[in-house]
Undergrad: 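To start, I am sharing the structure in question, which I have written as structure tokens.
If you're wondering where the values come from, they're calculated on a predicted model, not measured in any experiment.
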Amino acid sequence: MILNIVWLVVGLILILIGANALTDGASALAKRMGISDLIVGLTVVAFGTSAPELAISVISASAGNAPLAIGNVVGSNIFNILIIIGVTAIVRPIVVSRNIMTLEIPMLILSSVILLVLGNSAILDGGINQVSRVSAIFLLIFFLLFMRYTFASAKQPDLSQTEAQQAAQKKPMALAKSMIYVVVGLAALVWGGDKFVEGASGIASGLGVSDAVIGLTIVAAGTSLPELATSIVAAVKGKPELAVGNVIGSNIFNVVVVLGISGVITPLPFGSIGNFDLLTLLGASLTFYLFGWIIKTRTITRLEGAILAAGYIAYVGILLSRL
């Protein structure tokens, strides 16, 4: 058990270091190729924040551990909404723009509905509830359409003269250093992900709990640490609205890309991950949307943040009580 805990911690540290190095290196390479900061932010950075979930789920799927792969995605998305948005709002209320309320958050809700439908696919076509290869391909196509929409609707923010001068003065990362960052980052992600899955599975066996529960709790919280840290820092710096974009992008990416790629590798049975978990995710998404409109229009207040965080504690408590 001690060795499994060590692998879990070491694996997580390597994943976080790898994701950061990969994001920095890839961003530098993209800028050297003349790709705008906007496109880099929407692609490379979005990939970087969800790289831990991607690494864990792909490695789990390859090892035939589908419950851990799916549990990681479902649990991370629940954690992102209830804890990251909740804690960030407690630190500083989050003002949500009208466009996010009318466009982006409905996409977040749609991704939760897609997961609920896939989790009940046996009702529609018989067999077992799973993310089939065909479903996985459609998820990836949905992601491409979402990115096309994002690029079409996004506008490059105007920089002030001072900001433009500061951006011009920043020296780009050396080419060799950028490539080293990418290679080391990928290596750390792969090896760290392998050790993390090994440790998580070992802990699950040692405690007599399912890989699905471990994926929904320990693994999900661990892989969401980059988003949590980023959002809290943003709130402290007076930019809590950044947490909203962080959560929405990460959750959509987790469903359509992480499950899409993992499902293409091998079909992913939901196993013991059922409607309680999937409905909790959908309920969290709807609550997030409703809280943006009530009490104080388009603002997640401290009270609402506390309710979201309490909801996560209740969810984990119910999970543990059912063991």
Undergrad: Report the C-alpha distance between Tyr315 and Leu216 in whole Å, list the side-chain angles of each, state the deciding distance to 0.1 Å, and finish with yes or no for side chain to side chain contact (heavy atoms under 4.5 Å, CB included).
TA: CA-CA 10 Å; Tyr315 167 70; Leu216 287 165; 3.6 Å; yes
Undergrad: Check whether Ile114 and Ile81 end up in the same hydrophobic cluster, where Ile, Leu, Val, Met, Phe, Trp and Tyr are linked by side-chain heavy atoms less than 4.5 Å apart.
TA: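 Yes: a chain of side-chain contacts under 4.5 Å links Ile114 to Ile81.
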Undergrad: Can you tell me how far apart CG (Leu82) and OG1 (Thr280) are? Round to the nearest 0.5 Å.
TA: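 Those atoms lie 8.5 Å apart.
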Undergrad: Within the distance-only criterion (no hydrogens, no angle test), does the side chain of Thr287 pair as donor or acceptor with the backbone N or O of Gly283 below 3.5 angstrom?
TA: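 At least one qualifying donor-acceptor pair exists.
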Undergrad: Work out which heavy atom in Ser272 is nearest to a heavy atom in Ser210; give both atom names and the distance.
TA: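 Taking Ser272 first and Ser210 second, the nearest heavy atoms are OG-OG, 3.9 Å.
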Undergrad: Is it possible for you to say whether Tyr289 and Leu286 belong to one hydrophobic cluster, with membership spreading through side-chain heavy-atom contacts below 4.5 Å?
TA: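 Per the 4.5 Å side-chain linkage, Tyr289 and Leu286 are co-clustered.
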Undergrad: Run Val255 and Phe142 through side chain to side chain contact (heavy atoms under 4.5 Å, CB included) and show every step you take.
TA: CA-CA 10 Å; Val255 173; Phe142 178 83; over 6 Å; no
Undergrad: Looking only at atom types and distance, does a side-chain atom of Ser111 sit under 3.5 Å from a main-chain N or O of Leu108, one as donor and one as acceptor?
TA: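 Looks like yes, one N/O pair under 3.5 Å.
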Undergrad: Okay, side chain of Ser262, backbone of Leu259: is any donor-acceptor separation there less than 3.5 Å?
TA: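 It does not hold such a pair.
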Undergrad: Using the rule given for side chain to side chain contact (heavy atoms under 4.5 Å, CB included), can you reason through Leu282 versus Ile109, listing the C-alpha separation, both sets of side-chain angles and the distance that settles it, and then say yes or no?
TA: CA-CA 7 Å; Leu282 179 58; Ile109 295 173; 4.1 Å; yes
Undergrad: What is the minimum heavy-atom distance between Asp277 and Ile273, and which atoms define it?
TA: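 Nearest pair, atom of Asp277 first, then Ile273: OD2-CA, 3.7 Å.
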Undergrad: So does Tyr181 have more than 12 non-hydrogen atoms from other groups sitting under 6.0 Å from OH?
TA: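 Count not over threshold, so no.
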Undergrad: Decide yes or no for Ile300 and Phe288: does some side-chain heavy atom of the first lie under 4.5 Å from some side-chain heavy atom of the second?
TA: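 Yes, at least one pair of side-chain atoms sits under 4.5 Å.
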Undergrad: Kindly determine whether Leu278 and Phe270 satisfy side chain to side chain contact (heavy atoms under 4.5 Å, CB included), including the steps that lead there.
TA: CA-CA 11 Å; Leu278 300 176; Phe270 276 75; 4.2 Å; yes
Undergrad: Donor-acceptor pair, distance only, cut-off 3.5 Å: does the side chain of Arg133 make one with the backbone of Val264?
TA: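 Indeed, once roles are kept as given, a pair shorter than 3.5 Å links the two residues.
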Undergrad: Can you see which heavy atom on Ala136 is nearest to which on Gly263, and at what distance?
TA: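 Nearest pair, atom of Ala136 first, then Gly263: CB-C, 3.5 Å.
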Undergrad: How close do Leu68 and Ser60 get, heavy atom to heavy atom, and via which atoms?
TA: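 Taking Leu68 first and Ser60 second, the nearest heavy atoms are CD2-OG, 3.4 Å.
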Undergrad: For the side chain of Arg298 and the backbone of Trp293, is there at least one donor-acceptor N/O pair under 3.5 Å apart?
TA: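 Not at all, since once roles are kept as given, no pair shorter than 3.5 Å links the two residues.
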Undergrad: Treating Ile, Leu, Val, Met, Phe, Trp and Tyr as nodes and any side-chain heavy-atom pair under 4.5 angstrom as an edge, say whether Ile180 and Trp191 lie in one connected cluster.
TA: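 No; tracing contacts between hydrophobic side chains, which count when under 4.5 Å, never links both residues.
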Undergrad: Do Val256 and Leu140 come within less than 4.5 Å of each other through their side chains, counting heavy atoms only?
TA: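 Heavy-atom side-chain distance check fails, nothing below 4.5 Å.
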Undergrad: Do you know which two heavy atoms are closest between Leu281 and Ser112, and how far apart they sit?
TA: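 That would be CG-OG, 3.7 Å.
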Undergrad: Looking at Asn129 and Gly119, would you say the former's side chain and the latter's main chain have a donor-acceptor pair under 3.5 Å?
TA: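 It does hold such a pair.
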Undergrad: CG of Leu308 to CD1 of Ile90: how many Å apart, nearest 0.5 Å?
TA: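 Going from the CG atom of Leu308 to the CD1 atom of Ile90 covers 8.5 Å.
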Undergrad: Are Val131 and Ile128 connected in the hydrophobic side-chain network, where two residues link if heavy atoms are under 4.5 Å apart?
TA: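 Each belongs to a different hydrophobic cluster.
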Undergrad: Donor-acceptor pair, distance only, cut-off 3.5 Å: does the side chain of Asn72 make one with the backbone of Glu53?
TA: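 Looks like yes, one N/O pair under 3.5 Å.
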Undergrad: Do the side chains of Ile313 and Leu303 join up, straight or via other hydrophobic residues, at under 4.5 Å, putting them in one cluster?
TA: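 Different hydrophobic clusters.
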Undergrad: Atom CG in Asn251, atom CD1 in Ile78: separation rounded to 0.5 Å?
TA: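 Taking CG in Asn251 and CD1 in Ile78, the distance rounds to 9.5 Å.
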Undergrad: Hey, are the side chains of Thr299 and Ile94 touching, using non-hydrogen atoms and a 4.5 Å cut-off?
TA: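 No, their side chains stay 4.5 Å or more apart.
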Undergrad: Roughly how far, to the nearest 0.5 Å, is the CG atom of Leu103 from the CE atom of Met107?
TA: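 Reported value, rounded in 0.5 Å steps: 9.0 Å.
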Undergrad: So does Phe138 have more than 12 non-hydrogen atoms from other groups sitting under 6.0 Å from CZ?
TA: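 No.
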Undergrad: Roughly how far, to the nearest 0.5 Å, is CG of Asn65 from CD of Glu198?
TA: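 Glu198 atom CD to Asn65 atom CG measures 12.5 Å (nearest 0.5 Å).
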Undergrad: With heavy-atom distances below 4.5 Å as the criterion, would you say the side chains of Thr217 and Phe79 are in contact?
TA: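 Not touching, per the 4.5 Å side-chain cut-off.
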Undergrad: If we ignore hydrogens and angles and just use 3.5 Å, is the side chain of Ser121 paired with the main-chain N or O of Gln130 as donor and acceptor?
TA: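 Pair found, side chain donor or acceptor close to backbone of Gln130.
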Undergrad: Mind checking the CG-CG spacing from Leu118 to Leu268? Nearest 0.5 Å is all I need.
TA: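 Result: 10.0 Å between the selected atoms.
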Undergrad: Any side-chain heavy-atom pair from Arg98 and Thr102 closer than 4.5 angstrom?
TA: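 The answer is yes, as the side chains (C-beta and beyond) meet within the 4.5 Å cut-off.
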Undergrad: Assess the side chains of Ser132 and Ser135: does a donor N or O sit below 3.5 Å from an acceptor N or O?
TA: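 There is such a pair between these side chains.
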Undergrad: Has Ser57 got a side-chain atom pairing as donor or acceptor with Ala69's backbone, closer than 3.5 angstrom?
TA: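 Judged by distance alone, yes, a pair lies under 3.5 Å.
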Undergrad: Report the residue from Ile252, Ile248, Asn254 that forms a side chain to side chain contact (heavy atoms under 4.5 Å, CB included) with Ser250.
TA: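 The single option meeting the side chain to side chain contact (heavy atoms under 4.5 Å, CB included) with Ser250 is Asn254.
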Undergrad: Indicate yes or no: at least one non-hydrogen side-chain atom of Phe143 is less than 4.5 angstrom from one of Leu139.
TA: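 In short, these two side chains do not touch, never coming nearer than 4.5 Å.
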Undergrad: Taking the side chain as everything from C-beta on, heavy atoms only, tell me whether Leu54 gets closer than 4.5 Å to Ile261.
TA: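 Counting from C-beta outward, Leu54 and Ile261 do come under 4.5 Å.
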Undergrad: In terms of heavy-atom contacts, does CG of Leu124 have more than 12 from other residues, nucleotides or ligands at under 6.0 Å?
TA: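 Atom CG in Leu124 is packed in, count exceeds 12.
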